[in-house]
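Below is one structure, written out as structure tokens; comments come after it.
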Amino acid sequence: MGNWFVAAKKADFNKIAQEFHISPVLARLIRNRDVCGEEDIRKYLYGSLEDLYAPELLKGMDRAVAVIRDAIGENKKIRVIGDYDIDGVCATYILVRSFRSLGAKADMAIPHRIRDGYGLNDHLIRQAAEDGIELIVTCDNGIAAASQIELANGLGMQVVVTDHHEVPFTESAPGGEKAYHLPPAEAVIDPKQPGETYPFPGICGAVVAYKLAQALGTDKALLDALLEPAAFATVGDVMELKDENRIIVREGLKRMRRTSHPGLRALIEVNGLDREKLDAYHIGFILGPCVNASGRLESAALSLKLWLEEDDKKAVPMAAELKSLNDSRKEMTEAGVKQAVRLLERETADRGQEENLPEKAAADGGATGTSDTESTARQKKEQTALSSDREDKVLLLYLPDCHESLAGIIAGRIRERYHKPTIVLTDGEEGVKGSGRSIEGYDMFAELSACKDLFDKFGGHKMAAGLSLSREKLGELRRRLNENCVLTKEDFVPKVHIDIALPLSYVSEEFIRELERLAPFGTGNQKPVFAQKDILLRSGRIFGKNRNVAKFDAADQEGRFFTLVYFGDVEGLVKFLSEKYGREADRLFSGAAANLPLTITYYPNINEFRGKRELEFVITNYC
């Protein structure tokens, strides 16, 4: 249930409400999102494309434009090299469409996650040289590829870097000044580079690409269409929905709801979504994972091909294949999460071994002349020896047969379950590699930096990181991370931040329509969280394919009636009620009348079903 905190940020809410013709409640919600000052509030509520920052404000833009225009004018062969995730795919699509519209001889390459790894590598550079490429333009990568760009220069190619990641640096001494290392490219566009004065550096690689397309003079009609992949990537790459990101996503969603883009239309169709009701949630949790799935399990070339496809009939089977890949990815993720939980709970020893490891373990054992059972048992011992148990402050899990592209997703799921920093590692071609996900109060990149002598490679930021090292060093990494960790028990209790303690009786359809002005919701602009104390549960029922939905008839202390819905761990909610109210809780789902007080956080919603509209309240936390 976590520790609950009610926001107490101050402002003259009545004055804001009068000035912008909104309710004082909405004014408070906007303030809670750290939007202050008349101009920022105006942009938050009414911002348009006219409020986006000029691309020329990005350092290096003028030089990049000059190099690319010269290459187009001289009919040079240009290759765009992106990345295999949603941001890299969308950024590549934006640049290729823009360059070709300007008359460029442009093609593209996306690295293979397993074979090539992230970003530029020597193989991609040498291949470009063999293909007669004269200018390479990177997107969503390149800022850390100094040696590869030196190689390209030596092979007679120019390179323009467009990226949004942190610039590599070294420190002269502990606590000393940082020395940043920019790659030796013809031009570097990265809002995080030293000396950058761009007003909002939190844009993704696809938006950097969009800004470059703008600066090059791409046709306005095409730019309007390219806003869709820019917005898609902003949500999919989990950028904060603040400042111009919020405007890009809001305007992009408007266009996606009436999109003529064959690939996007097909992806929406095969997932059974109503295009007119498309929002950021659908991109982040349904459509985006489909685009990412091909880069995770096979090659991102399929996702890029879907974006480039101009025939509706050809786009549908591509989109269906991406959905199928994502369904497989979800199944593999679920299996990995279950395996990780069993490791943490140390329940694997008494379970059937084949259930816990993919078929690869048995195959490997057979190849070396070892029986399946012996090989699997040995790997189980090794996993248990190298992996954390649930008492560790920092969870390190070694899942040797987990698909490496799923390590970060599994780490995130385990982090959510135990609310502890989590690192999941799996066998790579050389040593082990994996990803970590952190919690509030634990700077994962800084803590890994303190152990950097153990790694072959690592990088990241406060909340997430990637790393590779030799398997022999896993035990030492686990020991040092936990010995260095200063988190306390209090830090492992999730924090629930409440916007307003608001009675359910205040909510109306008009209020819900007003809340829509805060959308799109996502990272940096979360849905509002309201709370009410001691709402009375009168009766309930559980339904859903996995019995993961509970619906309640409820009442407040004044006898007003409401419908509450809870999605998720219904079993945990039932257990909580049983422990709190004993046999009285059994009445709740038996058809008999109950009267169980429950303090909840919630978000209001209008449920439309068969022409009937019902006001309901979605429970997000309870105690």
Side-chain angles (χ1 to χ4, degrees), residues 1-10 28-29 31-34 175 238 240 337 340-341 343-346 387-397 408-424 435-451 460-465 467 477-502 523-534 566 568-569 571-573 575-580 597-603 619-623:
M1 279 71 74
N3 290 330
W4 294 21
F5 302 88
V6 179
K9 297 178 179 179
K10 304 296 184 182
R28 182 182 291 272
L29 292 171
R31 174 64 185 91
N32 284 351
R33 278 137 192 80
D34 293 321
V238 202
E240 288 196 322
V337 170
V341 170
L343 268 177
L344 284 171
E345 304 292 346
R346 292 295 187 263
S387 296
S388 295
D389 60 47
R390 62 184 299 179
E391 300 305 316
D392 279 2
K393 290 183 176 182
V394 180
L395 303 180
L396 187 146
L397 293 162
I409 302 175
I410 295 170
R413 293 275 295 277
I414 297 299
R415 182 268 315 272
E416 290 170 9
R417 182 182 182 113
Y418 295 93
H419 199 70
K420 289 184 175 184
T422 303
I423 297 171
V424 171
S435 296
R437 297 293 182 268
S438 195
I439 63 172
E440 190 177 332
Y442 186 82
D443 186 335
M444 182 164 281
F445 180 71
E447 295 299 327
L448 289 178
S449 296
C451 305
H461 51 82
K462 286 184 178 181
M463 299 302 291
L467 60 155
L477 176 61
R478 174 189 173 189
R479 183 187 67 78
R480 283 165 61 173
L481 286 175
N482 279 279
E483 285 183 355
N484 295 342
C485 182
V486 295
L487 294 174
T488 65
K489 286 186 177 180
E490 186 70 15
D491 295 314
F492 300 129
V493 180
K495 296 177 176 63
V496 178
H497 297 280
I498 299 166
D499 281 291
I500 304 172
L502 189 74
T523 302
N525 188 51
Q526 301 290 347
K527 267 190 175 183
V529 178
F530 304 110
Q532 172 147 4
K533 187 177 180 181
D534 292 340
Y566 179 71
D569 184 11
E571 183 180 333
L573 173 57
K575 181 181 178 183
F576 171 82
L577 293 171
S578 297
E579 291 175 352
K580 188 169 185 177
L598 187 71
T599 296
I600 63 170
T601 65
Y602 69 89
Y603 186 82
I619 299 171
T620 52
N621 294 279
Y622 57 85
C623 70

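Values below: every heavy atom of this structure, side chains too, minus hydrogens, waters and symmetry copies.
- Applying the side chain to side chain donor-acceptor pair (under 3.5 Å) rule to Ser438 yields no partners; only residues at least two apart in sequence or on another chain are considered.
- Applying the side chain to side chain donor-acceptor pair (under 3.5 Å) criterion to Lys462, with sequence neighbours excluded, gives no partner residue.
- By the 4.0 Å N-to-carboxylate-O rule, Asp392 lies too far from Lys420 to be salt-bridged with it.
- Between Ile410 and Leu397 there is no side-chain heavy-atom pair separated by less than 4.5 Å.
- Nearest approach of Tyr602 to Thr620, heavy atoms of both residues: N-OG1, 3.6 Å.
- Between Leu481 and Cys451, some side-chain heavy-atom pair lies under the 4.5 Å cut-off.
- The CD atom of Gln532 sits 6.5 Å away from the CD1 atom of Ile600 when rounded to the nearest 0.5 Å.
- The closest donor-acceptor contact from the side chain of Thr601 to the backbone of Asn621 lies under 3.5 Å.
- For Lys495, the salt bridge (charged side-chain N to carboxylate O under 4.0 Å, His left out) test picks out no residue, with sequence neighbours left out.
- Here the side chains of Trp4 and Ile498 are in contact, with some heavy-atom distance below 4.5 Å.
- Here the closest heavy-atom approach between residue Gly408 and residue Ser435 is recorded as CA-CB, 3.5 Å.
- Classification of the Tyr622-Tyr566 ring pair by plane angle, with boundaries at 30° and 60°, yields perpendicular.
- To the nearest 0.5 Å, atoms OG1 (Thr523) and CD (Gln526) are separated by 6.0 Å.
- Residues meeting the side chain to side chain donor-acceptor pair (under 3.5 Å) test with Arg390, sequence neighbours left out: Glu345.
- Partners of Glu440 according to the salt bridge (charged side-chain N to carboxylate O under 4.0 Å, His left out) rule, which considers only residues two or more places apart in sequence or in another chain, do not exist here.
- Remark: Lys533 NZ is loosely packed, at most 12 non-hydrogen atoms of other residues, nucleotides or ligands lying under 6.0 Å away.
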Yes or no on side chain to side chain contact (heavy atoms under 4.5 Å, CB included) for Phe530 and Leu29, after CA distance, side-chain angles and deciding distance? CA-CA 10 Å; Phe530 304 110; Leu29 292 171; 4.0 Å; yes
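- Rounding to the nearest 0.5 Å gives a distance of 12.5 Å between CG of Leu573 and NZ of Lys575.
- The shortest side-chain heavy-atom distance between Pro528 and Leu502 does not fall under the 4.5 Å cut-off.
- For the atom pair CG (Leu467) and CG (Leu396), the distance works out to 8.0 Å, reported to the nearest 0.5 Å.
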Could you walk me through whether Arg415 and Ile439 satisfy the side chain to side chain contact (heavy atoms under 4.5 Å, CB included) test, starting with their C-alpha distance in whole Å, then the side-chain angles of each, then the deciding distance to 0.1 Å, before giving a yes or no? CA-CA 7 Å; Arg415 182 268 315 272; Ile439 63 172; 3.8 Å; yes
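- Here the closest heavy-atom approach between residue Asp491 and residue Val486 is recorded as OD2-O, 4.5 Å.
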Working note: Asp34 + Lys9, criterion side chain to side chain contact (heavy atoms under 4.5 Å, CB included); need CA distance, chi angles, decisive distance, verdict. CA-CA 9 Å; Asp34 293 321; Lys9 297 178 179 179; 2.7 Å; yes
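- Checking side-chain atoms of Asn482 against main-chain N and O of Lys393 turns up a donor-acceptor pair under 3.5 Å.
- Interatomic distance, CD of Glu416 versus CZ of Arg413, reported as 7.0 Å (0.5 Å rounding).
- Scanning both residues, Cys623 and Leu598, for their nearest heavy atoms gives O-CD1, 3.7 Å.
- Minimum heavy-atom separation, Ala465 to Arg437: O-NH1, 4.1 Å.
- Scored by the side chain to side chain donor-acceptor pair (under 3.5 Å) test, Asp499 finds Asn32, Arg33 as partners (sequence neighbours excluded).
- By the neighbour-count criterion of 12 heavy atoms within 6.0 Å, atom NZ of Lys580 is densely surrounded, having more than that number from other residues, nucleotides or ligands.
- Contact record, Leu487 with Gly441: CD2-O, 3.7 Å, taken as the closest heavy-atom pair.
- The local environment of CD in Glu571 is sparse, with at most 12 non-hydrogen atoms from other residues, nucleotides or ligands closer than 6.0 Å.
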Would you please test Val394 and Met444 for side chain to side chain contact (heavy atoms under 4.5 Å, CB included) and show each step? CA-CA 10 Å; Val394 180; Met444 182 164 281; 5.5 Å; no
